[in-house]
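Since this is a predicted model, take the numbers as computed values, not measurements. Each chain gets a letter, A, B and so on, in the order the sequences are listed, and its residues count up from 1.
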Protein chains: 2
Amino acid sequence: MHHRKPTIEDVAREAGVSRATASRAMNNMPGSSARTRALVAQVAQTLGYRPDPAARALASGRQMAIDLVVINYEPDLVWIGGHPYFGRVIAGMTTALAGTDVQLRIHVASLDKAGELIDAVARTTAGAVLVNVTSDLAVRFWRQCPHVVSLNTPAPMVPLVASDNTGGAYTALAHLHRIGARRIAAIHGPSINACATSRRHGHRDLIEDAGMPDLSANGAFTREGGYRAAARLLEQHPDIDGMFVASDLMAAGAVQAITAIGRKIPDDVAVIGFDDSIAATCANPPLSTIALPVEEMAATATRALLDGDLAPTWLSNFPVRLITRQSTDAAALC
Amino acid sequence: MHHRKPTIEDVAREAGVSRATASRAMNNMPGSSARTRALVAQVAQTLGYRPDPAARALASGRQMAIDLVVINYEPDLVWIGGHPYFGRVIAGMTTALAGTDVQLRIHVASLDKAGELIDAVARTTAGAVLVNVTSDLAVRFWRQCPHVVSLNTPAPMVPLVASDNTGGAYTALAHLHRIGARRIAAIHGPSINACATSRRHGHRDLIEDAGMPDLSANGAFTREGGYRAAARLLEQHPDIDGMFVASDLMAAGAVQAITAIGRKIPDDVAVIGFDDSIAATCANPPLSTIALPVEEMAATATRALLDGDLAPTWLSNFPVRLITRQSTDAAALC
DNA sequence: CGTAGAAGAGAGAGCGCTTCCGCTCCTATA
DNA sequence: TATAGGAGCGGAAGCGCTCTCTCTTCTACG
C-alpha cells in the first residue's frame, strides 16, 4: 500500500490497461467494453481511487464554479444562519444551476476581512454574486473581475439585480393608508444598507403625498431592533394606528411589542413588514408584507453570469408584491 | 484580440518574461523585482488575464473543497430558503473553514434526483457533509467516498454528528410537566426524518415516566403543518394545557392556532418548540424551545473532514439546552 | 581588482486527467 | 474467401499552472 493517493495511472497499471481505457471505462464513455468497465471499476474500488477534480477540470476544460460572496456586518457569524435572506439566495442560485455542471461556492466574511475575501475570490472566480457587499467593495471586485453581479446594492459599473424597494415601501404604506390608518409610524433599517435606504425613500414619498407626519425610528435588521424601536415609538406617540416596518424580522419584534402593551393587531394598530420572509408567517398574527422575488432575482443573476451577457450598466428592477395577512386584515385566512 | 481566454503564457509573452517569472510576480512570491511585478500586473490587467483555478490547484496540489449536500423532500426548492436550519449549517461550516483555503460548495437536489447528486458529488469530493440525506443514500455515498459525515441522520458505517434529540424532547416535556401542565399534547414531525423519530421517542419516554396520556398528532415540518395539527388537537381535546411541538416552525403555527381560538399562552396552554430557530423568537409570544448547537455541530463535522480523523463509527452526541421564553413562562423577558 | 554571495530570471519537468488519432482485430456482407 | 466497417484499446499530446534547478548578473567586501 503506497502512501501517495492512487491516480488513474495506478488503476490502469493494476488493471492491465492503458490510462485512456481506464478513463473511458470509469466515465462510462463509448468505446469501452462492459468487461473492461467492470474490471476497471473493481480495481478502482479496491485501490480506493478518487479522480482528482482539479486535473479533470483542467483536462476536460469544463467544470466551472460560481461564487456567492456574503459580507456579514454583524459581529456574530450566526447571523447568517438567523437571516432568512441568504437561504433564499442560495435556493435561487441552486435552481439556476440545476442541470448545468457548474458548482456553487459560498464565501462569508466579516466586515474587517471583507477586503481580503473580495480580492481572493475575484482572483479566481469564473463569476460571482455579491450579497450585502458595500458599493466600494463591489467596485473593487469588479475591477479585478468584471464577471460579477451585485444583488440589491448598486455600485458604479457593477451589474446589478435589484428589486423595487422604494415602490414596495410606497405600496406598503399606501395599503395602511387605504385601510384607514392616519398616524403611521415607520421603523427603518440601518442606512448602510442600500435596501433600507430605498425603503426609507418610499416611506418619505408616501407621507409627503398623503400629507402625514413623519413618525420614524431606526434599528438594526433584527427582531430585537424592531421590538425596541416599536416600544419606543408607542411610548412617544400613543395614538399610532399603523406601523410600517422595513423588514419582517423587525416587524415580528414590533408585533410582540405592540401586543405586549395590550394593543390589538390590526384593530388598534395595523402592521406591515417587508420581505415576505419566514418571519412574516411565524409572527402572530401573521404579517402583511411586501414580497420580494429573492429566489428569482438570484436565479436571474446566476443565469446572467452563466450566459455572460452582463452589460456594463445592466440593471433589472424586479417588481414586488403586496401580501395581505392578518396584521392588516383581521379577516384574512391563516 | 484572440477569442481564447488569455493564459499565463500570453501574459508572459506580452510582458517579455518567462512563465515562471510571470507566475512569481502575480503571486507576490519572493524572487521577483518590484519592477517586473508591476509590469506583469499591468499586462495581466490589460489582457484581462484570470488564472485558471483548476490548473492552479492541479499544479500546486492545494485547494480543496468540501461539499455540503442537502436533499430536499418538499416539492418546492424554496423550502431551503424558508428553513432556518441550512443557513445555520452553512454558518457553522464557514466558521470552521475560515482561515483555511478550503472552499465550501453547496449542492441541493430534490428526492427524485438525489441518487444522481449523491453519485456525482461522491465521485469528486474531497469530503462532504450530508444534511437531510436518508440513511440508504448516505450509505451509498459512503461506499463511493468514505470521507463523509452525516448530520443528524444515522446510517450504518457513516460517521455521524448528532445531537441529543431524544433527551431534548424529554427535557422539553419535563419542563411543561414541571410548570404544572398535565394534559400535554404533542405534534410530531414526519417519520422519514431521523430527528423527528428521536424526538418522538423522548416524548414517549416522558409520558410513560409521568403517567400522562398520549395526545399526539403528526405534521410536516412547516408552519402550516403545525397550525393544522394544533387546531385539530384543540378540537379533539379541549382540556389541553400544554403542547410539545417537535419544531419551532410548527410551533409558531401552533401558537397562532391556539391564540386564534382565544386561549392564552402560557396561562391556558403552555407551548414549547424545538430547534431554537428564528421561528421561536418571531412567534408571539416567543417560544420556549430546545436549542440545538447546529453551528457547532456543522463546524465539528467540517473540522473532522479537514483533519481526516473519521473513525468508521465515529459519533458525537451534542448536548441540547432548554431555553425558556414567554410561551411557558409569562414573566420571561422579551 | 578578484571573488563570494545574493537576487532575479529562464528552462523545463511535471500535477492527474481527458481526448484525438491511429492501430488491431473481429464480425457481417458480397 | 476477400473486404469494408466498427468496436475496443493504446499512444501521446496537451490543459494552464507551479516550482525546482540552473544560469546570469549585480553588489559588496577583502
Side-chain angles (χ1 to χ4, degrees), chain A residues 2-44 47-65 101 103 120 123-126 145, chain B residues 2-44 47-65 101 103 120 123-126 145:
Chain A
H2 276 52
H3 189 67
R4 198 172 51 76
K5 71 178 251 192
T7 72
I8 198 174
E9 184 78 56
D10 302 319
V11 175
R13 190 176 344 95
E14 200 72 16
V17 298
S18 71
R19 267 212 315 284
T21 303
S23 172
R24 265 180 305 235
M26 291 192 290
N27 293 317
N28 295 317
M29 307 213 79
S32 116
S33 62
R35 198 190 168 66
T36 358
R37 210 167 287 197
L39 172 63
V40 169
Q42 156 68 20
V43 172
L47 249 49
Y49 167 73
R50 339 221 56 248
D52 180 327
R56 171 184 289 213
L58 179 57
S60 65
R62 326 187 195 94
Q63 192 94 349
M64 297 197 340
D101 56 353
Q103 312 259 8
R123 282 183 55 72
T124 67
T125 188
C145 169
Chain B
H2 276 52
H3 188 67
R4 199 171 51 76
K5 69 177 253 194
T7 71
I8 199 174
E9 185 79 57
D10 302 320
V11 175
R13 189 175 346 93
E14 199 73 15
V17 299
S18 71
R19 267 212 318 282
T21 303
S23 173
R24 253 169 302 194
M26 290 192 292
N27 293 318
N28 295 317
M29 308 212 79
S32 123
S33 62
R35 197 191 169 66
T36 359
R37 208 168 288 197
L39 172 63
V40 169
Q42 156 67 20
V43 172
L47 249 49
Y49 167 73
R50 340 222 54 249
D52 180 327
R56 171 184 290 215
L58 179 58
S60 65
R62 327 187 192 95
Q63 190 95 352
M64 296 198 341
D101 56 353
Q103 312 259 9
R123 282 185 55 73
T124 65
T125 188
C145 169

Rounded to whole Å, how long is the line connecting atom CG of B/Leu58 with atom P of D/dT18? 11 Å

How close do A/Ala25 and A/Thr36 get, heavy atom to heavy atom, and via which atoms? CB-O, 4.4 Å

To the closest 0.5 Å, what do you measure between CZ (A/Arg13) and OG (A/Ser18)? 13.0 Å

Protein-nucleotide distance (B/Asn27, atom CG; D/dT18, atom C1'), rounded to Å: 8 Å

Length of the line joining B/Arg13:CZ and D/dG16:P, which is rounded to integer Å: 12 Å

Let me know the distance between CD of B/Glu9 and C1' of D/dC17, rounded to the nearest Å. 11 Å

For nucleotides 4-13 of chain C, give me one character per nucleotide, 5' to 3': B if any protein heavy atom sits under 4.0 Å from the base, S if the only such contacts are to the sugar-phosphate, - if neither. ----SBBBBB

Is the side chain of A/Arg37 donor-acceptor paired with the backbone N or O of A/Ser32 at a distance under 3.5 Å, no angle test? yes

Give, for atom NZ of A/Lys5 and atom OG1 of A/Thr7, the distance between the pair rounded to the nearest 0.5 Å. 9.5 Å

Ignoring the backbone of A/Ser60, work out which of D/dC17, C/dT19, D/dG14 is nearest its side chain. C/dT19

Any donor-acceptor N/O pair, B/Arg50 side chain to A/Thr125 backbone, under 3.5 Å: yes

Rounded interatomic separation in angstrom, taking CG from A/Leu47 and P from C/dG16: 14 Å

What is the minimum heavy-atom distance between A/Ala54 and B/Ala57, and which atoms define it? CB-CB, 3.7 Å

DNA chain C contacts among residues 48-57 of chain A, heavy-atom distance under 4.0 Å: A/Tyr49, A/Arg50, A/Pro51, A/Asp52, A/Ala55, A/Arg56

Distance check, rounded to the nearest 0.5 Å: B/Glu14 atom CD versus B/Leu39 atom CG? 10.0 Å

Measure the CD1-CG distance between A/Ile8 and A/Asp52 for me, rounded to the nearest 0.5 Å. 11.0 Å

Tell me the interatomic distance from B/Ile8, atom CD1, to D/dT18, atom C1', rounded to whole angstroms. 8 Å

Under the side chain to side chain contact (heavy atoms under 4.5 Å, CB included) rule, what do B/Val17 and B/Arg24 come out as? Steps first, then yes or no, please. CA-CA 11 Å; B/Val17 299; B/Arg24 253 169 302 194; over 6 Å; no

Length of the CG-C1' vector between B/Asp10 and D/dC17, whole Å: 13 Å

